[in-house]
Amino acid sequence: MLEITTLRNEKPRVLEGLAKRNITDADQKVAAVISLDDDRKRLQTELDDMLAERNTLSKQIGDLFKQGKADEAKTARERVGTIKDEVAKLEDQLRDTKASLEEQLLDLPNVPHTSVPAGAGEDDNEVYQAHEGDLPVLGEGAKPHWELADEYDIFSLELGVKLTGAGFPVFRGQGARLQRALITFFLNEAHKAGYEEFVPPLLVNEDSARGTGQLPDKEGQMYHVTKDELYLIPTAEVPLTNIFRDEILAETDFPVKITGFTPCFRREAGSYGAHVRGLNRVHQFDKVEIVRVAHPDKSYDDLMEMVDYVGGLLDALGLPFRILRLCGGDTGFVSALTFDFEVWSAAQQRWLEVSSVSNFETYQANRLKLRYRDAETGKTRLAHTLNGSALALPRIIAALLENNQTEEGIRVPEVLQGLLGQAMLVRK
RNA sequence: GGAGAAGUGGCAGAGCGGUUUAAUGCACCGGUCUUGAAAACCGACGUGUCGAGAGGCACCGGGGGUUCGAAUCCCUCCUUCUCCGCCA
């Protein structure tokens with residue numbers, strides 16, 4: 001959620017930014033928010049004045065009774081009676097105003113960073129860095145990962161259908177161990193890079209889903225356990241970031257760097273066909289996430305550090321990848337700047353997104369009430385939140401299987417060999 | 001799942017219808033004293049909101065109600081603790 005003071009004080013920047021998201025009526029929307037906020041202030045002041053008078057009179061009534069002046073007390077009491085009606089009326093108006101204010105504020109996405117290019121969709125994203133090396137060229141008979149999965153007993157989608165439904169892969173044998181090796185590798189690296197590891201709950205309450213912005217907008221994305229009013233997390237970002245909900249940090253607490261491995265659950269009814277075959281898009285997948293809470297002056301340094309870190313992971317795995325700076329039309333609603341990481345999937349001959357690293361500036365923090373105390377002024381200010389996948393497993397596995405297939409078997413990246421206990425995946 | 005108790009400022013802990021704008025202690029911060037530190041003393045010491053400011057208003061687990069007036073009474077939900085049951 002954007003801050004109203006930002007809308008008021010930095011309106012040109014806000015409008016310019018929203019234009020990059022192709023929001024045509026941003027001007028009216030911002031004006032409407034400000035006008036509602038004016039109403040809110042006016043109502044608040046009127047209400048406060050009423051309450052102040054009521055408080056004074058109530059105190060007087062007490063005194064008058066003590067002094068035995070019952071008549072005067074009665075007059076005052078009548079006056080309070082009329083105030084009460086006023087108060088009720090004002091409270092209703094204020095509640096309604098606040099509700100529509102919030103509704104309209106939620107309708108505004110984050111203001112993109114100045115470096116975000118304008119653009120309509122994914123075709124307008126900018127290649128920020130290419131780490132492609134020489135894209136691997138596969139020989140005759142190279143197979144996509146879903147065929148390799150059968151041949152090598154890596155995972156089974158059919159079994160997942162039997163147990164649960166479409167989009168729930170069942171990893172087995174060396175595939176299951178490969179998965180575990182990747183998780184361990186990612187967590188070990190995060191630990192080395194100074195991220196504190198958490199094992200968070202996989203179900204969160206409504207407040208948490210609201211805090212990171214999944215609610216009310218993206219309700220359909222999450223599995224909802226209605227009996228207990230809980231949501232299965234679509235990403236570890238939700239529990240990890242909500243750790244800091246309603247917190248006030250000291251400047252000395254920065255930098256906050258945490259990580260966690262969780263399964264992620266996404267309902268998104270995707271399209272069908274080659275795009276979603278195999279592990280390309282599933283309802284449940286494993287991911288290691290890194291989250292940061294940053295000082296506003298430092299958050300973009302932190303973002304670039306995260307980008308370098310994620311790139312390092314892909315280098316270590318020997319996967320060709322590129323980094324995209326998302327354009328305004330493709331940048332997520334709550335993000336100010338997002339870098340997507342895509343690995344080359346050699347058999348499918350296409351790029352697969354494996355990570356998204358974003359700075360949300362104060363957009364999430366405003367929702368979360370995540371603040372820090374400015375050491376100089378002693379005032380509280382909203383902190384910046386950032387997160388990134390490091391990394392999402394299924395597409396990494398897809399690329400590893402495809403890119404590393406040989407006549408003899410599938411080569412395991414060196415950094416995983418010790419964890420897996422084998423240097424090659426072998427046919428069943 | 002059943003029975004009982006409790007949720008107050010960073011922590012501890014009073015207050016149980018109107019001198020509470022929440023006592024007091026500890027912690028933290030500033031100062032005096034000191035070569036330095038400790039101790040002692042003085043001061044400041046929650047969050048949000050409206051206001052240029054003075055100051056006002058709201059918040060005592062969440063929500064609702066009673067009352068001229070609620071931290072205090074009532075209802076409801078949540079959480080924690082104790083006991084019982086079930087259980088990896």
Side-chain angles (χ1 to χ4, degrees), chain A residues 1-9 33-102 105 199-211 215 224-231 239 242-254 256 263 293 362 364-383:
Chain A
M1 202 160 55
L2 290 171
E3 295 171 88
I4 294 173
T5 51
T6 309
L7 298 182
R8 285 182 183 278
N9 301 335
V33 167
I34 291 176
S35 148
L36 272 171
D37 191 50
D38 287 339
D39 291 347
R40 192 199 104 250
K41 286 185 183 185
R42 182 177 48 78
L43 289 167
Q44 183 74 60
T45 308
E46 284 177 33
L47 176 62
D48 285 356
D49 288 348
M50 283 290 170
L51 290 174
E53 190 181 351
R54 189 196 67 183
N55 288 346
T56 314
L57 285 171
S58 291
K59 199 163 285 180
Q60 283 173 9
I61 290 170
D63 292 341
L64 289 169
F65 269 120
K66 269 183 207 151
Q67 296 164 25
K69 297 176 180 168
D71 284 352
E72 288 178 46
K74 197 168 164 248
T75 322
R77 206 187 269 193
E78 277 162 11
R79 169 68 187 139
V80 175
T82 65
I83 290 177
K84 238 177 129 175
D85 296 338
E86 268 315 296
V87 165
K89 211 179 295 173
L90 285 168
E91 278 177 342
D92 283 348
Q93 287 180 35
L94 187 60
R95 193 180 309 115
D96 292 347
T97 306
K98 279 182 170 172
S100 40
L101 180 59
E102 178 167 305
L105 216 41
V199 181
L202 306 182
L203 288 155
V204 294
N205 58 31
E206 204 176 308
D207 284 346
S208 294
R210 202 172 290 282
L215 290 180
H224 186 188
V225 182
T226 52
K227 196 159 184 180
D228 299 287
E229 272 310 320
L230 297 174
Y231 296 86
N242 271 282
I243 289 171
F244 302 98
R245 173 155 46 88
D246 290 320
E247 293 292 330
I248 300 174
L249 304 174
E251 282 201 29
T252 50
D253 292 331
F254 294 126
V256 174
V293 182
T362 60
Q364 272 185 337
N366 193 25
R367 215 78 226 289
L368 292 160
K369 294 192 171 57
L370 196 190
R371 294 148 295 168
Y372 72 95
R373 192 174 301 284
D374 187 287
E376 238 169 80
T377 64
K379 295 253 200 287
T380 59
R381 292 179 61 191
L382 292 174

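Within every chain, numbering begins at 1; the chains are lettered A, B, ... in the order of the sequence lines, protein sequences first and strands thereafter. These numbers come from a predicted model, not from an experiment.
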Contact pattern, 5' to 3', of nucleotides 43-65 of chain B - B, S or - by protein heavy atom under 4.0 Å: ----SSSSS----BSS-------

Lys84(A) NZ to rG69(B) C1', straight-line distance once rounded to whole Å: 10 Å

C1' gap between rG46(B) and rC11(B), integer Å: 13 Å

Euclidean distance for P, rG25(B) against rA40(B) (whole angstrom): 12 Å

Watson-Crick or G-U wobble mate for rU20(B), both contacts under 3.5 Å: none

Nucleotide opposite rC33(B) in a Watson-Crick or G-U pair, distances under 3.5 Å: none

Rounded C1' spacing from rG61(B) to rU80(B) in Å: 10 Å

C1'-based separation of rG9(B) from rG4(B) [nearest Å]: 29 Å

Interatomic distance at P, rA6(B) relative to rG48(B), whole Å: 33 Å

Span that lies between the C1' atom of rC73(B) and that of rU66(B), in whole angstrom: 8 Å

rU66(B) pairs with, by Watson-Crick or G-U criteria that keep both distances under 3.5 Å: none

Any pair counted as side-chain hydrogen bond (donor to acceptor under 3.5 Å, both in side chains), so long as it reaches residues 50-59 of chain A, sequence neighbours left out: Glu53(A)-Arg79(A)

Student check: side-chain heavy atoms of Asn242(A) and Leu368(A) closer than 4.5 Å: yes

Identity of whatever pairs with rG7(B) - Watson-Crick or G-U, under 3.5 angstrom: rC78(B)

rC59(B) - base-pair partner by Watson-Crick or wobble geometry, distances under 3.5 Å: rG46(B)

Pairwise C1' distance for rG63(B) and rA58(B), with rounding to whole Å: 16 Å

C1' atoms of rA22(B) and rA71(B), separation to the nearest Å: 8 Å

Sub-4.5 Å side-chain heavy-atom contact between Val204(A) and Leu230(A): no

Expected output: side-chain Thr6(A) to main-chain Leu2(A) donor-acceptor under 3.5 Å: no

rC68(B) OP1/OP2 closer than 4.0 Å to side-chain N/O of Lys59(A): no

Interatomic spacing from CG in Leu47(A) to CD in Glu91(A) - rounded to 0.5 Å: 5.5 Å

Partners meeting salt bridge (Lys or Arg N to Asp or Glu O under 4.0 Å) with Asp39(A) (sequence neighbours left out): Arg42(A)

Whether Asp253(A) side chain and Ala250(A) backbone form a donor-acceptor pair below 3.5 Å: yes

